[in-house]
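One structure below.
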Amino acid sequence: MSVTTITITDPQLLAQLAAADGPIVFRGPTGDTVKTLAPVPYGAPPAGVKSPVSDEEFEQARHSPNSGVTLAEFWEKVKRGEGR
């Protein structure tokens, strides 16, 4: 998926976007819908993205004083898609 970056300089539009709660519908000057977006909470993965590590595995690791894997090794495993 590609990312499109649009810089907004209109203070009123910025305030509307900042105050939006839920999906946002952008309309053109004629009232036609240009794009509908659903905001993703900060720190939450987008819909359909699943963590390679389960909640149970995170909890188990949190209680374990030493998993035997360095942080660098852990991230390499995550990059390779090895969640188990």
Side-chain angles (χ1 to χ4, degrees):
M1 168 187 351
S2 64
V3 174
T4 302
T5 301
I6 300 171
T7 303
I8 300 167
T9 57
D10 180 321
Q12 183 181 3
L13 179 55
L14 286 169
Q16 287 177 305
L17 290 170
D21 184 27
I24 300 168
V25 178
F26 288 93
R27 296 193 189 280
T30 61
D32 295 334
T33 297
V34 175
K35 187 69 76 172
T36 301
L37 305 173
V40 176
Y42 181 75
V49 174
K50 185 177 180 301
S51 171
V53 182
S54 70
D55 290 343
E56 292 79 21
E57 288 171 307
F58 273 122
E59 191 61 25
Q60 181 182 13
R62 192 172 73 79
H63 289 291
S64 174
N66 183 358
S67 66
V69 178
T70 67
L71 186 57
E73 291 169 331
F74 168 80
W75 284 117
E76 283 304 316
K77 283 182 155 189
V78 169
K79 288 178 190 176
R80 290 193 304 263
E82 298 175 20
R84 307 212 186 279

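Considering only residues two or more places apart in sequence or on other chains, E73 meets the salt bridge (Lys or Arg N to Asp or Glu O under 4.0 Å) condition with none of them. With sequence neighbours excluded, the residues forming a side chain to side chain contact (heavy atoms under 4.5 Å, CB included) with F74 are V53, V69, L71, V78, listed by chain and number. For T33, the side-chain hydrogen bond (donor to acceptor under 3.5 Å, both in side chains) test picks out R27, with sequence neighbours left out. Judged as a side chain to side chain contact (heavy atoms under 4.5 Å, CB included), and not counting sequence neighbours, the contacts of E56 are S54. Not counting sequence neighbours, the partners of K79 by the salt bridge (Lys or Arg N to Asp or Glu O under 4.0 Å) test are E76. Considering only residues two or more places apart in sequence or on other chains, T36 meets the side-chain hydrogen bond (donor to acceptor under 3.5 Å, both in side chains) condition with none of them.
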Let me have the donor-acceptor pairs involving side chains of residues 10-23, under 3.5 Å, with sequence neighbours excluded, atom names and distances please.
| from | atom 1 | to | atom 2 | distance (Å) |
| --- | --- | --- | --- | --- |
| D10 | OD1 | Q12 | N | 2.8 |
| D10 | OD1 | L13 | N | 3.1 |

